[in-house]
Amino acid sequence: VSAHDGDSGVAKAKEEIPDLILLDVMMTHDTEGFDVSRRLKDIPELEKTVVIMLTGIKRALNLPFAFEPDSSWLPVKAILEKPIPPDQLLKEVSDALA
């Protein structure tokens, strides 16, 4: 199941109640994924859904820092910087669902 923007992603997550969500940061606008991660956290049916954030924002905006998961500001299990080697993504998904 996929979605191209935050609103449809949240709606689909409510319908599907997935075990895991791969969430990109840069969707309709550069930081939409950050907002979506906080919205997902506030949906009781999704409290057990693991969110792994994928991003290229650090490189795209030439940021001197990386983002870290935070229980209130960035409630995700992990943040992976693009490009992500397939074996690393599979390991993160496997670890998150274990």
Given side chains that start at C-beta, do those of Ile21 and Ile52 come closer than 4.5 Å, heavy atoms only?
no

Heavy-atom closest pair, residues Lys12 and Ala3:
CD-CB, 4.2 Å

Ion pair present between Asp7 and Arg39, side-chain N to carboxylate O less than 4.0 angstrom?
yes

Should Lys91 and Asp87 count as an ion pair when the cut-off is N to O under 4.0 Å?
no

Can you tell me how far apart CZ (Arg38) and OG (Ser72) are? Round to the nearest 0.5 Å.
9.0 Å

Side chains of Val51 and Leu20, heavy atoms from C-beta outward: is any pair under 4.5 Å?
no

Would Leu23 and Val36 count as a side-chain contact (heavy atoms from CB on, under 4.5 Å) here? Give the steps.
CA-CA 8 Å; Leu23 176 62; Val36 169; 3.8 Å; yes

Taking all non-hydrogen atoms of both residues, which atom of Asp24 and which atom of Met27 are closest, and how far apart?
O-CE, 3.7 Å

Would you check, one step at a time, whether the test side-chain contact (heavy atoms from CB on, under 4.5 Å) holds for Glu32 with Val25?
CA-CA 6 Å; Glu32 186 172 13; Val25 172; over 6 Å; no

Yes or no on side-chain contact (heavy atoms from CB on, under 4.5 Å) for Leu80 and Leu89, after CA distance, side-chain angles and deciding distance?
CA-CA 8 Å; Leu80 305 178; Leu89 179 59; 3.9 Å; yes

Apply side-chain contact (heavy atoms from CB on, under 4.5 Å) to residues Leu40 and Val10 and explain how you reach the verdict.
CA-CA 7 Å; Leu40 292 170; Val10 170; 4.2 Å; yes

If you measure from CZ on Phe34 to CG on Asp70, what distance do you get to the nearest 0.5 Å?
11.5 Å

Measure the spacing between NZ of Lys77 and CG of Asp95 and express it to the nearest 0.5 Å.
8.0 Å

Nearest heavy-atom approach of His4 to Thr28 is O-OG1, 4.5 Å

If I take atom OG from residue Ser37 and atom CD1 from residue Ile79, how far apart are they, to the nearest 0.5 angstrom?
8.5 Å

To the nearest 0.5 Å, tell me how far Met26 CE sits from Leu54 CG.
13.0 Å

Taking all atoms of both residues into account, what is the closest heavy-atom pair of Val50 and Ala96, and its distance?
CG1-CB, 3.6 Å

What distance do Leu74 atom CG and Met53 atom CE have between them, rounded to the nearest 0.5 Å?
5.0 Å

